[in-house]
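Worksheet: one structure, shown below.
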Amino acid sequence: MRVLPGEVRVLPAGPHALLVELADGEHAEAFHAELLRRRERGELPAVREIVPAARTVLIDGILDGGGAGERTPGARDRFARDLASWRVEPPRGEVRDPVEIPVVYDGPDLGEVAALWGVPAGEVAALHSRTAFRVAFCGFAPGFGYLTGLPEPLHVPRRTTPRTRVPAGAVALAGPYTGVYPRPSPGGWQLIGRMPDPGALWDPDRDPAALLVPGTPVRFVPVGAGGLPAPRAGASPLDGASAGDSSAGDSPAGA
């Protein structure tokens, strides 16, 4: 049964985790942000991970006072009852500089997306780059963020036939999401452009390794084929840098 707006459904997920189901992506993003705020204020029990997804948030590593082997109801069950009573407002806009992603808007599906949007192909870059995006969650591949922000009239379906190989750096659309492929992989999203050098999307020597983590504001910057500006993040600039996916809809489990 689908969760209604304003409702929270809390389910056990193994002995030390909870899966919180929300009505939609906006409610999931808001719930994830609230969890992070309360954890920062010391108002949550000790947890190992908080992982957002399209309409859920997984809270893992909730241990009872008796330790990992404790089998009686404890911290997890008390926490579940508490979570079920939360009423969380939609995410508030943060005063935070966006990560800027340079894009050459020359993707093979640009014409099809333009037709779906009802605009000339040359206007796709302007419409897309004027949108304020935010990373809702990550998945599919290390460094792949699911970005929301496109208004509903600009949502597009996945391709009928997925590609066997999408190049690294491809900027793609599916349903309400925009994504940038951090590495070559199969994929069924509509390709509208490319990031000239996608290496900054995932750097295992950086903390965090992913450039696009949940909650990050993002702006796409149109560039020509010869222009290679590096991504810029307000909180942690990547000056000097050379330059996880789910299907759109109810089950984001692929790109």
Side-chain angles (χ1 to χ4, degrees), residues 93-136 138 140-141 143-159 163 165-185 187-203 210-213 215-245 248 255:
E94 298 180 62
V95 180
R96 185 174 164 194
D97 290 338
V99 169
E100 293 185 353
I101 303 293
V103 182
V104 180
Y105 284 95
D106 61 357
D109 300 320
L110 195 66
E112 183 174 347
V113 169
L116 290 166
W117 286 3
V119 301
E123 290 188 21
V124 170
L127 286 170
H128 188 258
S129 62
R130 282 202 300 262
T131 302
F133 290 94
R134 185 182 179 89
V135 182
C138 299
F140 174 63
F144 190 102
Y146 292 79
L147 280 59
T148 55
L150 280 176
E152 189 169 355
L154 301 186
H155 296 179
V156 299
R158 292 167 54 94
R159 287 172 51 84
R163 292 180 170 90
R165 186 181 188 277
V166 174
V171 178
L173 310 178
Y177 302 115
T178 290
V180 187
Y181 285 76
R183 60 179 63 180
S185 70
W189 290 26
Q190 308 276 4
L191 308 184
I192 61 170
R194 55 190 169 89
M195 181 181 178
D197 188 337
L201 292 172
W202 179 259
D203 181 356
L211 178 66
L212 304 179
V213 298
T216 302
V218 178
R219 185 170 75 92
F220 291 95
V221 181
V223 297
L228 305 177
R232 293 192 292 111
S236 54
L238 298 178
D239 295 338
S242 59
D245 168 55

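Everything numeric in this text was worked out from a predicted model, so none of it was measured.
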Applying side chain to side chain contact (heavy atoms under 4.5 Å, CB included), name anything that partners Pro108, two or more places apart in sequence or on another chain.
Arg163, Leu191
Let's go through Tyr177 and Thr148 carefully: what are the C-alpha distance in whole Å and the side-chain angles of both, what is the deciding distance for side-chain contact (heavy atoms from CB on, under 4.5 Å) to 0.1 Å, and is it a yes or a no?
CA-CA 5 Å; Tyr177 302 115; Thr148 55; 3.7 Å; yes
Shortest non-hydrogen pair, Ala114 vs Ala121, comes out as CB-CA, 3.6 Å
Val218 and side chain to side chain contact (heavy atoms under 4.5 Å, CB included): which single residue from Leu212, Val180, Leu211 fits?
Leu212
All heavy atoms of Leu110 vs all of Ile192, minimum pair found to be CD1-O, 3.5 Å
Test of understanding: with side-chain hydrogen bond (donor to acceptor under 3.5 Å, both in side chains), list the residues that count as partners of Arg183, not counting sequence neighbours.
none
Derivation of the side-chain contact (heavy atoms from CB on, under 4.5 Å) call for Trp189 and Arg158:
CA-CA 5 Å; Trp189 290 26; Arg158 292 167 54 94; 3.2 Å; yes
Contacts of Thr178 meeting side-chain hydrogen bond (donor to acceptor under 3.5 Å, both in side chains) (sequence neighbours excluded), chain-then-number -> His128
What pair of heavy atoms forms the shortest contact from Val213 to Cys138, and how long is it?
CA-SG, 4.2 Å
By salt bridge (Lys or Arg N to Asp or Glu O under 4.0 Å), which residues pair with Asp203, not counting sequence neighbours?
none
I'd like to know whether Thr131 forms a side-chain contact (heavy atoms from CB on, under 4.5 Å) with Phe220, so could you lay out the CA-CA distance, the side-chain angles of the two residues, the decisive distance to 0.1 Å, and finally the verdict.
CA-CA 8 Å; Thr131 302; Phe220 291 95; over 6 Å; no
Taking every heavy atom of Ala172 against every heavy atom of Tyr181, the minimum-distance pair comes out as CB-CE1, 3.7 Å
Residue list, side chain to side chain contact (heavy atoms under 4.5 Å, CB included) with Pro151, at least two apart or on another chain
Pro153, Leu154
Under the side chain to side chain contact (heavy atoms under 4.5 Å, CB included) test, residues paired with Ala125 that sit two or more places apart
Tyr105
For Leu150 and His155, the nearest pair of non-hydrogen atoms, with its separation, is O-NE2, 3.0 Å
Over all atoms of both residues, closest heavy-atom pair of Pro157 and Gln190
O-NE2, 3.0 Å
